[in-house]
Amino acid sequence: MPAAELPRAKRAQWADTLISVDGLTALSLSVALGFSIICGAVLWQERRSAWEHAGQTASNLVEAIDADIARNIEQYALSLQGVIYGLKLAEINEVSPKIRAAVLFDASAGARYLGAIRILDEAGNITEMANVSGDRPSSAPGPTNFFGHDFFQFHKNNPDDGMHISRPFVGSNGEYVIGLSRRLSHPDGSFAGVVVGTLRVAYFRSLFAKVAPSPASALTLFATDGTVIMRLPLGKDDIGRKLHNAEVLRKFQQARSGLYEKVALLDGVLRLYAYSQVGDLPLLMVVGIPLDEVYATWRGEALIAGLLMLALCSATTFSAVLLRRELRRRLAAEQKLAVLATTDSLTGLSNRRHFDEVIAREWQRAMRERTSIALLMIDADCFKAYNDAHGHQVGDKLLAAVGACIGNKARRATDLAARYGGDEFALLLPGTDGQGALQIGESVRVSVLNLTLPGSNGMEAAATSISIGIAAVVPVRGSDYRHLVDAADKALYEAKAKGRNRSELIELADAAGPNGPRLVA
């Protein structure tokens, strides 16, 4: 009996179980996916936190460097202002050169990286000079005229008397310096010269080396026109190089300070940069931390978390698939056992137990719906003699062939063909009246009559036949399906008594009369 002929309730139960199994598998996979998404979100947030922490570190470092540079340049600016103030004294030209130098340069700050302060006339010639640093004097004579320097030309052509920071140039000691200068003006405002002091670029290199976060970090001091004043690490031609396309210049046009990522123009390394203007000076301080270092710790943690999450998701998925496979295997085994429990192993038809379950159920339905139900009781004629003559194996083949002829007529989902016992079969036809059942019975009888099976001696066995008893009724409340079975049995006995190989029909007026079933026709 095919599985589709099992009770609908059982099939529905198995279908629900399959849905539950698939739903459980989908839920397990969804949980694994959900954990993966959550883990990914946490790792992404950790990555963002690492970026923000590095950005804050770089910004704090920029602020510290800015403060140091601004403080030193401010002190030097005061020294220049002191010189200008002294030059304006009326008596300054009447005192001795020694006293004049003391008055002009007394306010000059003394520091390791500060060079000489020079007073230049309108032609750029040195009129007076004082070395305010503690460095030893240079063995090579320094220049006596600064007319061609950018700071001199700036003040000559610009009436602004504010402090100017020059491009780096090589000083008298052979080192790079920058000039911090202010304009000198005559009482009528015309150009009178320049007072300029030098600051060794080595000051910035020493400062950067002390505070650099790592060897691969980049610290650069720019002029606002893109000129590199100092950089760490320092390339051969970096000092004085002008980078017109530096990203920091574009960022500076939008804000005085901030963060950005960029591949460095000078060394090609991708870094996270923090920048800020140095006080109100035309200087920009930039600190860059390589992104490889920013994410180094995060990458290690992300790798461990990712591997653990991968293992967890793989284990969950693998377990869900195995569980689904096992549950479906058990369900298939249960279905197979259920089929075997309701199937006759020889003929493949339903067995007696299943027949009793189905006829009881269909009887109740026919009673509710007030429809006819028909039953064919079928018996193989002279089967014992056939079995004795040809052997049990041939007899079994005959029963299987008869069962196939009967099963072929159970074409609707509600029809049921069963082996009732021994050489007796039953064909239940819900929703069929007596005449319809009689036609089906005759069709079965003719099919069996045309069967020829080989005998035990290799010769063809004689054709066999069947007798069929048919009963049909519309059940009424309080009736029992056994009345239908009894009536079909009675019709079968009549067919046997009338010579076998025939069909007899009994239609019942009701199924529970006081005297049992009554023959209608």
Side-chain angles (χ1 to χ4, degrees), residues 57-80 108-118 130-140 142 151 163-181 196-224 226-243 246 248 257 264 266-267 269 271 273-279 281-290 293:
T57 299
S59 297
N60 292 340
L61 183 57
V62 166
E63 290 181 8
I65 296 174
D66 286 354
D68 193 279
I69 294 175
R71 182 176 62 253
N72 281 281
I73 291 181
E74 182 180 1
Q75 291 178 356
Y76 213 10
L78 292 175
S79 298
L80 299 181
S108 299
R112 178 181 178 186
Y113 295 103
L114 297 179
I117 294 180
R118 298 174 175 85
N131 190 345
V132 298
S133 71
D135 294 341
R136 64 179 185 276
S138 172
S139 58
F151 64 84
M163 188 178 70
H164 174 74
I165 300 177
S166 75
R167 291 172 54 86
F169 61 93
V170 179
S172 60
N173 58 359
E175 295 185 24
Y176 275 104
V177 297
I178 58 173
L180 308 177
S181 58
V196 58
T198 56
L199 177 62
R200 293 170 56 196
V201 173
Y203 156 67
F204 303 110
R205 181 171 58 190
S206 175
L207 176 61
F208 292 174
K210 292 177 182 177
V211 299
S214 69
S217 297
L219 291 82
T220 307
L221 181 64
F222 286 96
T224 53
T227 301
V228 178
I229 296 176
M230 173 50 66
R231 185 178 187 276
L232 190 70
L234 182 63
K236 180 180 177 181
D237 300 320
D238 287 348
I239 296 179
R241 184 176 181 180
K242 199 165 187 177
L243 303 178
V248 66
S257 62
L266 297 178
D267 58 15
V269 177
R271 293 184 175 91
Y273 290 96
Y275 74 93
S276 177
Q277 182 178 4
V278 179
L281 302 173
L283 299 175
L284 296 174
M285 184 64 214
V286 184
V287 173
I289 302 177
E293 295 181 6

Nearest non-hydrogen partners of [X] and [Y], listed with the distance:
| X | Y | answer |
| --- | --- | --- |
| R167 | G240 | NH2-O, 2.9 Å |
| A212 | L232 | CB-CD2, 4.2 Å |
| P233 | A218 | CD-CA, 4.3 Å |
| V287 | M285 | CG2-CE, 4.2 Å |
| P282 | I165 | CD-CD1, 4.1 Å |
| I289 | A58 | CD1-CB, 4.0 Å |

Evaluate the side-chain proximity of [Y] to [X]: yes if any heavy-atom separation is below 4.5 Å, no if none is.
| X | Y | value |
| --- | --- | --- |
| S257 | V62 | no |
| I73 | L283 | yes |
| M163 | L180 | yes |
| T220 | F208 | no |
| L284 | T224 | yes |
| P168 | T227 | yes |
| V228 | F222 | yes |

For the atom pair [atom1] ([X]) and [atom2] ([Y]), what is the distance rounded to the nearest 0.5 Å?
| X | Y | atom1 | atom2 | result |
| --- | --- | --- | --- | --- |
| I178 | L221 | CD1 | CG | 7.5 Å |
| I239 | R205 | CD1 | CZ | 6.5 Å |
| I65 | F204 | CD1 | CZ | 11.0 Å |
| M230 | S206 | CE | OG | 10.0 Å |
| L61 | L219 | CG | CG | 6.0 Å |

Polar side-chain atom of [X] near backbone of [Y] as donor-acceptor pair, under 3.5 Å:
| X | Y | value |
| --- | --- | --- |
| R271 | S217 | no |
| D68 | A64 | no |
| Y76 | T198 | yes |
| Q277 | L281 | yes |

Walk me through whether Y273 and V248 qualify under side chain to side chain contact (heavy atoms under 4.5 Å, CB included). CA-CA 9 Å; Y273 290 96; V248 66; over 6 Å; no
Could you work out, with side chain to side chain contact (heavy atoms under 4.5 Å, CB included) as the rule, every residue matching S59, not counting sequence neighbours?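 If we apply the side chain to side chain contact (heavy atoms under 4.5 Å, CB included) test to S59, skipping adjacent residues, the hits are L259, A274.
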Is the count of non-hydrogen atoms from other residues, nucleotides or ligands lying under 6.0 Å from Y203 atom OH greater than 12?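 Check passes, neighbour count above 12.
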